[in-house]
**Student:** 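Dumping the structure here so I can ask a few things about it.
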Amino acid sequence: MRPRLLLTLGILVPAALLGALWAAPLFTDWTARRDQLAELASARLGRPVTLHGPVRLRLLPRPVVEAEGVSLGPSEDPAGDTLAFSASALRLRLDGAALLLGRIAPREVALVGAELRLPWPPADAAGLPTGLSALSAELVDSRLVLGNLRLDAVQARLTAGDAARGLRAEGRFAWGGLEWRFEAGLGRPGFDGITPIDLTLSMGDASLSARGVLTPDGTVEGGIETAGPDLSLLVPGPPGPFRARGRLTVSPELIAADDLTIDIGGSPARGAVALRLMPEARLDAALQASRLDLDSWLGALRQRPSTLPLGLDLSAEVASFRGVPLRRLRAAAFREAAAGEGTPGRITLSDVSALLPGGTMAELNGATAGGRLEAALRFSGTDLRATIDALGAALGLGTDWIAPARLRSGEGRARLVVEPGSVAVPELTATIDGARVSGAGVLRHGPRPALGLGLNLDTLDLEGWLRPGLDWPTASRLLGGIDANLRLAAERARAGNVTLERASLDAALENGRLTLRRLAGRLAGGDLAVSGNALLGTAPRLSDATVELAAPNTRALAALLPPRWALGAALTDQPLTLRGTLNGPSEALALQLGADLGEARLEATGTLDLPGRKGGGSLTLRHPGAPRFLADALGIDPGEWLGQGSLSLVTGLAAGPQGIAAERFDLVAGALRASGALSLMLDGPLPRLTGRIAAETVLLPAVAWSSRAPLPFLALRGAEGELGISVAQLDPAGLPALADLRGRLRLAGGILSLEEAEATLGTGALRGTASLDASREVPRATLSANLRGAAINGPVLGLPIDVVTGDADAEARLEATGSSLAALVATLSGNASLAVRRGVLTGIDAAAGGRAAAAGDEPALRTALSSGATGFDSLTLRAALSAGRASLAEGTATGEGVALTLRGDLDLPRAAIDLLATKAPEGPVPPVGIRLTGPIADPRRLPDLTPWQIWRAQR
């Protein structure tokens, strides 16, 4: 029992003693010992310390005395500094063994929550290191203020050296939202007042070291060197390795590193950095590089908020922004201090200029507000198309659908607003390709870009905007990928020779649906309005598409038509109203058209196949006066041959790439009634007209055979055709009427021919052919015709001596050359014959003349030769024509008591006649006759009685 008891007492007694010694300080009033603690701290810190708050002791894990409310006064050394500051607490780490023995022996002194304000600019820079050299302490969660520069969360140890080494400090602090580690040394000033100084900063793997000297006037001069794997960790710049070396200058107003030789990601650059301390803290940087990526610099400016204002000056020979290459970039940016945590400061851009792709020079000045940029932009270039292509590619918009000749040169200014997901131009004034443009627009880019555009132009050329070869599926796909709202206005919008004045367009494109709210303007003196909807796609579909045109007259509209379509002057003075509607898919587009031109009314309905370029429908044209319409519309005076009455044309049309076909038409024009079918083929080397025409009664006007006006024969070389014609009755002016005329008109190789022509002339049958050869240098016309069994019931030749009754057969073979009617008549040649049976010849009584000649009765003879009628059994006339002159080679009339001979010439170009009719009496009586001479229309009758009178005188 005794050994155990001794062992227990040996353990418990020392433990109790130690416990008592350990617990005893806990029951000590440490607040009452503040003065003692202040003296100990003053001895360690080298300056008076005053404690104001409570004092507590903490034994674990090590004995520490913590006093609140600390004030540190200036150094008591007359040569020391006047620096005074306060701290929230003072921590003294005590020697535990000394504490057990009742002594207070501080090993470390720490200031917690101190705010150390170093004088800046220092009043006596040379005295600063001397005074601070007595300060030896540890700063915990403190703040260091140097002028207007504030370093937070300072954890540092300040170590006073000997007379040679001066002051050393190391630790970490927070600045610019980053944690920095530092090591600094402040040496002792020499006899010349120069104090050596060095500083090493590191943040992550990046480091900065500076060495220099502090001069008596408060400036530092030296060198600086920095390097690291990521520039964005130190300054608002792009990520990537960097290295820089240059000159360091510190003055009371700023800390500057200039003449920097920089390497950023392998790209050389030069620059400078300045930290301005007075009157307000501000960081300025300038960088001159051969190549820059603006996206990373601007991204760093926006994403790295700081309470310190930042000025950035950039210049580069080559730069890029959102994939757009830039040249000769100059830019200055100033970022204000962040208003709060996570809130980016306002960025001001000034004197930004760059040469864009295509050689367009752009200048920009503006500022950001959050994620919004507002700027004033000026631009000028001679190849805007290349610039727009580059910008469109950066925004995800294709511009290859625009023709290369468009958007070439221009200059202007605009107000620009850029926000996340959108680019807006609230104001624009420019001159593009010689046209003045003003207005506003906005583009919201993303998976489905949306464009809003409102522009005013002085001139808009509508032709040549689309890239040649752009097909509809491609254009529809491009349009279907965007949404747009367009409002355009132009003083003049041109398309070819068509000009739309005071034009306005209001349209929208959404989800592949085009809505044309209104397209309006003045077209050739009339008011035009177009509206409708279209569903885009491979096969677009129109709905409620309407076209309206109203004009007081059509003079200006008629000027737009080809010369060969020119309307008559009287018709162009008439008012015009037109309305058309389109509905349905492109391959079956329903069309309705109505037009009023004066008293004329046109109506059309049909279906169009736009992809197949074909269509069909019906057309109706009406006018109350056919002769007046032809005179007004075509300048044709129908005279009396058309007759009075209305005009009505009803036809069914079908059109396509091969041509146009009127499957059935019915025409009523005055006295003319016609119907049939026509087809105009356009797929061959020449247009080809085929079909058939049937008419009831056709009145042909009188022909001016003496006209020397050239006939349009050359037009026959530009077409081909074949028409079957039938006319119930053909009434040529001044000639006998033909009935049941049938034949075929053929045009080929410049030769127009009438083939298989047949008609009825009274009771006779007329057959023949005719041709007009315009392929020659001088056109040539030919005619071959014969008449059989025609009953004559009236004058045939229109002469004072004419056949009025009989049964006739006739033949003619004629040809002529020339380009006018007068030339054709002057060159007429060939032969013609007429044979009449059992007929009567008026204007002469051959039988009575023979009896009067035999009886010697001259008055009766003259009467018989100048009037009366001669019945004959047969009459034969044969004439040969040459150079327009017909010579009667054979002319005889025989019958009971009749032996009549006809001889003479007919000069067609001069319309003159010289005809002699001779009666041979029976027996020795000489022949007597009558001569017709002079103009054909009114020849003179001269009796030819000289031989008879001589015979009578001899008797």
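Count residues from 1 along the sequence. Fair warning: this is a prediction, and the values are worked out from it, not measured in the lab.
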**Student:** Knowing that exactly one of Leu752, Leu772, Leu723 qualifies, which makes a side chain to side chain contact (heavy atoms under 4.5 Å, CB included) with Leu747?
**Tutor:** Leu752
**Student:** Side-chain contact, heavy-atom cut-off 4.5 Å: Leu523 with Val498?
**Tutor:** yes
**Student:** Side-chain atoms of residues 502-509: list all donor-acceptor pairs with protein atoms under 3.5 Å, sequence neighbours left out, distances to 0.1 Å.
**Tutor:**
unit_1 : atom_1 : unit_2 : atom_2 : d
Asp506 : OD1    : Arg517 : NH1    : 2.5

**Student:** Should Leu528 and Val547 count as side-chain neighbours, where that means a heavy-atom distance under 4.5 Å?
**Tutor:** yes
**Student:** Decide whether Thr429 and Ser438 meet the rule of one side-chain donor and one side-chain acceptor closer than 3.5 Å.
**Tutor:** no
**Student:** Just wondering, do Thr605 and Leu593 contact through their side chains at under 4.5 Å, heavy atoms?
**Tutor:** no
**Student:** I want to check something: taking the side chain as every heavy atom from C-beta on, are Ser543 and Arg513 in contact at a cut-off of under 4.5 Å?
**Tutor:** yes
**Student:** Let me see the working for Arg742 and Asp740 under salt bridge (charged side-chain N to carboxylate O under 4.0 Å, His left out), right down to the final yes or no.
**Tutor:** CA-CA 6 Å; Arg742 296 180 301 278; Asp740 298 330; 5.1 Å; no
**Student:** Could you tell me which residues satisfy side chain to side chain donor-acceptor pair (under 3.5 Å) with Thr581, sequence neighbours excluded, listed by chain and number?
**Tutor:** none
**Student:** Under the side chain to side chain donor-acceptor pair (under 3.5 Å) test, which residues partner Asp731, sequence neighbours left out?
**Tutor:** Gln729
**Student:** Is any side-chain heavy atom of Leu766 less than 4.5 Å from a side-chain heavy atom of Thr760?
**Tutor:** no
**Student:** Just distance, no hydrogens or angles: give the donor-acceptor pairs under 3.5 Å from side chains in residues 677-700, sequence neighbours left out.
**Tutor:**
none

**Student:** For a quick test of reading the model, state the closest non-hydrogen atom pair linking Leu783 to Ala770 and the distance between them.
**Tutor:** CD1-CB, 4.0 Å
**Student:** Mark yes when over 12 heavy atoms from residues, nucleotides or ligands other than Arg708 sit less than 6.0 Å from its CZ; otherwise mark no.
**Tutor:** no
**Student:** Look at Glu722 together with Arg746 and state whether they make a salt bridge at an N to O cut-off of under 4.0 Å.
**Tutor:** yes
**Student:** Pairs in or reaching into residues 586-610: which pass salt bridge (Lys or Arg N to Asp or Glu O under 4.0 Å), with residues at least two apart or in two chains?
**Tutor:** Asp596-Arg601, Glu599-Arg628, Arg601-Glu603
**Student:** Could you list all the salt bridge (Lys or Arg N to Asp or Glu O under 4.0 Å) pairs where at least one residue sits in residues 434-450, not counting sequence neighbours?
**Tutor:** Arg436-Asp458, Arg448-Asp483
**Student:** Are the side chains of Pro779 and Ser819 in touch, meaning some heavy atoms are under 4.5 Å apart?
**Tutor:** yes
